[in-house]
Amino acid sequence: MSDYIPFYRPNMGKEEVESVTESIESGWLTTGKKVKEFQERFSDFIGVKHSLAVNSCTAGLHLLLVSAGIGEGDEVITTSMTFVSTVNVIEETGATAILADINPKTFNIDVEDIKNKITKNTKAIMPVHMAGQACKMNEIMEIAKEHDLYVFEDAAHAVWSKYDDEMIGSFTDGAAFSFYATKNLCTGEGGMVTTNNDELAEKIKINTLHGISKDVYDRYSKKGASWYYDVVTPGFKYNMPDINAAMGIEQLKKLDDMQMKRKKIAQKYNEAFKEIDGIQIPHVKDDIRHAWHLYIVLLDLDVLDINRDEFIEKLEENGIGSSVHFIPIHYHKYYRENYDYQRGDFPNTEYVFERNISLPFYPSMAEKEIETVISTVKTLIKDYSK
Ligand SMILES: *Cc1c(COP(=O)(O)O)cnc(C)c1O
């Protein structure tokens, strides 16, 4: 179908193409001056001391945990309503992932459940800012302070988010952003770690590139370049190439503009769906600035004669792509079997999972496409109302 509306379409322009071309033509393909520029611009944007570019948000989250010395015997609290990488990286350090339930309105980690899950082995809390809406950071920071825990944010959805007028990524121990293809700011693959902690930043830098104490750019580009390097820890290969940073620099320049477009589409959807029985629009708190990464609606299964999976099929039949964020962590085989989790363990997460749909939502959506999504959803709701 030619006028199919995909769930996601990238938002790349000639500026990104030119910047990437420049990067390729310069002959420097790996981490270099574009990465440096991107990091500096990102630090300015967030208002944070250190921004460290990496090749994914997953890598960034892993680096935060490892660099903070978290490992076997430790526990890290996060939610079951997240992309699996948040929890995989906890596993990879040897620590145990402790899942908490969510608030059924915001889909963010339930602060009371964090308190329930703290033990003497807890080392960190990893809140996930679902869809770009910040978690209750004051409360989370308070709990962390009281129990001497790290707060590392999964800020994959939260570039541009604010909590209480503060930029997400500027006030906790560390945050990891995602620049994956579908995210608000895109470098194809990529991510950024932010922190104000000098010592942690230094460790992350070293762990990003094999545990070598200086990065490639420093080694080969400075006067008196040396072939010598020293490995101080068995690190990873998580650095961002200049080609990706070239895209990131241009995307960051456009971010405000792209965010305004997202906000406008959200307003249109809200306006269209708010009075309709059968569908619940996103709940937006008033102490945050929403990054509007996803537009997630909940189906009211009590008044509908169709379930979520069928609704997605119907959308697809009508030429509209959609998605589900997320399949709960405790539904996945590995976590079912190794953690002995069962259905029923996280009632709010499960309630939301059974009802949620992410609608097409990106700056390059045409007016006509937005209207088509609205009218199709409205028609389906009407057709399948009990
Ligand atoms: C996309 C995403 C990630 C992973 O980001 P990558 O850059 O692909 O590693 C982590 N957490 C959440 C909540 C995400 O949506």
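Owing to the predicted nature of the structure, the values given are computational and were not obtained by experimental measurement. Counting starts at 1 for both ligands and their atoms, in listed order. For the numbers below, each heavy atom of this structure counts, side chains included, while hydrogens, waters and symmetry mates do not.
- Within ligand 1, the atoms closer than 4.0 Å to a non-hydrogen atom of Gly190 are 7 (O), numbered from 1 in the order shown.
- Closest protein heavy atom to atom 11 (N) of ligand 1: Asp154 OD2, 2.7 Å.
- Close contacts of ligand 1 with Thr82, meaning ligand atoms under 4.0 Å from a residue heavy atom, involve 13 (C).
- Considering His157, Met81, His325 only, the shortest heavy-atom separation from atom 13 (C) of ligand 1 involves His157.
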Under the ring-ring contact (aromatic ring centres under 6.0 Å, His included) rule, what do Phe236 and His62 come out as? Steps first, then yes or no, please. CA-CA 10 Å; Phe236 306 95; His62 191 206; 4.7 Å; yes

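- Tyr295 and Asn270 share a donor-acceptor pair across their side chains, judged by distance under 3.5 Å alone.
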Could you walk me through whether Thr187 and Gln251 satisfy the side chain to side chain contact (heavy atoms under 4.5 Å, CB included) test, starting with their C-alpha distance in whole Å, then the side-chain angles of each, then the deciding distance to 0.1 Å, before giving a yes or no? CA-CA 8 Å; Thr187 63; Gln251 287 268 294; 5.8 Å; no

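- Ring geometry for Phe83 versus Phe326: interplanar angle of 30 to 60°, hence tilted.
- Distances from atom 14 (C) of ligand 1 to the heavy atoms of Ala156, Ser56, Ser85 put Ala156 nearest.
- Below 3.5 Å of separation, one finds no N or O of Leu61 facing any N or O of ligand 1.
- Atom CD1 of Ile374 and atom OG1 of Thr379 lie 11.5 Å apart (nearest 0.5 Å).
- Compare Lys183, Glu189, Met192, Met126 by their heavy atoms: the one nearest to atom 2 (C) of ligand 1 is in Lys183.
- A cation-pi contact, defined as under 6.0 Å to the ring centre and within 45° of the axis, links Arg355 to Tyr351.
- Atoms of ligand 1 lying under 4.0 Å from at least one heavy atom of Phe326, given by number and element, are 13 (C), 15 (O).
- Thr31 and Asn239 share a donor-acceptor pair across their side chains, judged by distance under 3.5 Å alone.
- Remark: minimum distance from atom 7 (O) of ligand 1 to any protein heavy atom is reached at Ser178 OG, 2.7 Å.
- With a 4.0 Å heavy-atom cut-off, ligand 1 is reached by the backbone of Thr58 and by its side chain too.
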